[in-house]
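For reference, the structure is listed below as structure tokens.
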Amino acid sequence: MAKDSQTPLDDELARQQEEADAQVEPETVEGEVEDVAEGAEEAAEVAENPEAEVLAARVEELEQTLAETKDQAMRTAAEAQNVRRRAEHDAEKARKFALEKFVKELLPVVDSLEKALEAMGEDATEAHREGVSMTLKMQRDVLAKFGVEEIEPQGEPFDPQYHEAMAMVPNPELEPNTVMEVMQKGYLLNGRLVRPAMVVVSQAAG
């Protein structure tokens with residue numbers, strides 16, 4: 001049996017339906033594609049941000065650790081240098097002043113030789129005088145070789161750092177606080193006082 005032919009009205013309705021489907025379908029597909037793309041971008045951002053934050057925090061932590069390590073290394077190096085300098089200073093000080101006790105023990109010998117030479121009268125032989133003088137010179141040369149210096153402040157202003165006043169005597173011919181007599185010489189060892197000079201100091205007259 002032959003299929004019934006459609007009426008002109010049916011044909012028109014079918015044509016309009018096809019046009020409507022053709023217009024709606026591309027727009028719907030395009031919208032769905034855009035929604036999928038936007039969703040993918042949002043998902044990617046959500047997935048990437050936590051990792052980026054973790055990496056940034058880790059980098060900051062490492063930079064801080066590096067800075068602290070550098071600071072600690074510099075402090076350690078500075079402390080080591082200070083320790084080395086102190087050790088060198090102590091060693092130099094010990095070397096320079098190791099003979100201090102020996103020098104103190106030797107000074108009375110020098111004093112005795114000086115007094116003996118001064119006390120020699122006319123009855124002393126030239127050989128005797130020369131022997132004492134040479135012995136005294138040898139003692140002084142040895143002391144000088146090891147950094148010992150005499151303090152002979154005759155006529156100089158009194159200095160309490162290096163002089164010890166044994167008496168104050170009025171003397172109108174000298175300025176007050178002038179060393180007018182040295183009773184015993186003083187000595188320095190490499191610039192440091194070993195024994196002060198014992199002196200008589202002038203003062204203003206009455």
Out of curiosity, [X] [atom1] to [Y] [atom2], how far, rounded to the nearest 0.5 Å?
{"X": "Thr76", "Y": "Asp71", "atom1": "OG1", "atom2": "CG", "value": "9.0 Å"}
{"X": "Asn190", "Y": "Glu92", "atom1": "CG", "atom2": "CD", "value": "8.5 Å"}
{"X": "Thr69", "Y": "Gln64", "atom1": "OG1", "atom2": "CD", "value": "10.5 Å"}
{"X": "Glu150", "Y": "Arg195", "atom1": "CD", "atom2": "CZ", "value": "10.0 Å"}
{"X": "His89", "Y": "Asn82", "atom1": "NE2", "atom2": "CG", "value": "13.0 Å"}
{"X": "Thr65", "Y": "Glu60", "atom1": "OG1", "atom2": "CD", "value": "10.5 Å"}

Measure from the side-chain N and O atoms of Thr178 to the backbone N and O of Ser202, and report whether any donor-acceptor pair falls under 3.5 Å. no
Quick check: does any side chain N or O of His163 sit under 3.5 Å from a backbone N or O of Asp159, one acting as donor and the other as acceptor? yes
Are [Y] and [X] co-members of a hydrophobic cluster defined by side-chain heavy atoms under 4.5 Å apart?
{"X": "Met183", "Y": "Leu117", "result": "no"}
{"X": "Val148", "Y": "Leu113", "result": "yes"}
{"X": "Ile151", "Y": "Leu136", "result": "no"}
{"X": "Leu193", "Y": "Leu106", "result": "no"}
{"X": "Val194", "Y": "Leu143", "result": "yes"}

Minimum side-chain heavy-atom gap [X]-[Y] below 4.5 Å:
{"X": "Met134", "Y": "Glu130", "result": "yes"}
{"X": "Glu114", "Y": "Arg140", "result": "yes"}
{"X": "Asp141", "Y": "Lys145", "result": "no"}
{"X": "Pro170", "Y": "Gln203", "result": "yes"}
{"X": "Arg86", "Y": "Val83", "result": "yes"}
{"X": "Val142", "Y": "Met138", "result": "no"}
{"X": "Lys104", "Y": "Glu100", "result": "yes"}
{"X": "Tyr187", "Y": "Leu107", "result": "yes"}

Can you name the closest pair of heavy atoms from Glu156 and Glu152 and give their distance? OE2-O, 4.0 Å
Which atom pair, heavy atoms only, marks the closest approach of Gln154 to Glu181? OE1-CA, 3.6 Å
Give the intermediate values and the outcome of salt bridge (charged side-chain N to carboxylate O under 4.0 Å, His left out) for residues Arg58 and Glu61. CA-CA 5 Å; Arg58 180 58 176 164; Glu61 180 182 354; 3.5 Å; yes
Starting from Val179, walk the hydrophobic network (Ile, Leu, Val, Met, Phe, Trp, Tyr; side-chain heavy atoms closer than 4.5 Å) and list everyone else you reach, by chain and number. Phe158, Met168, Val182, Val199, Val201
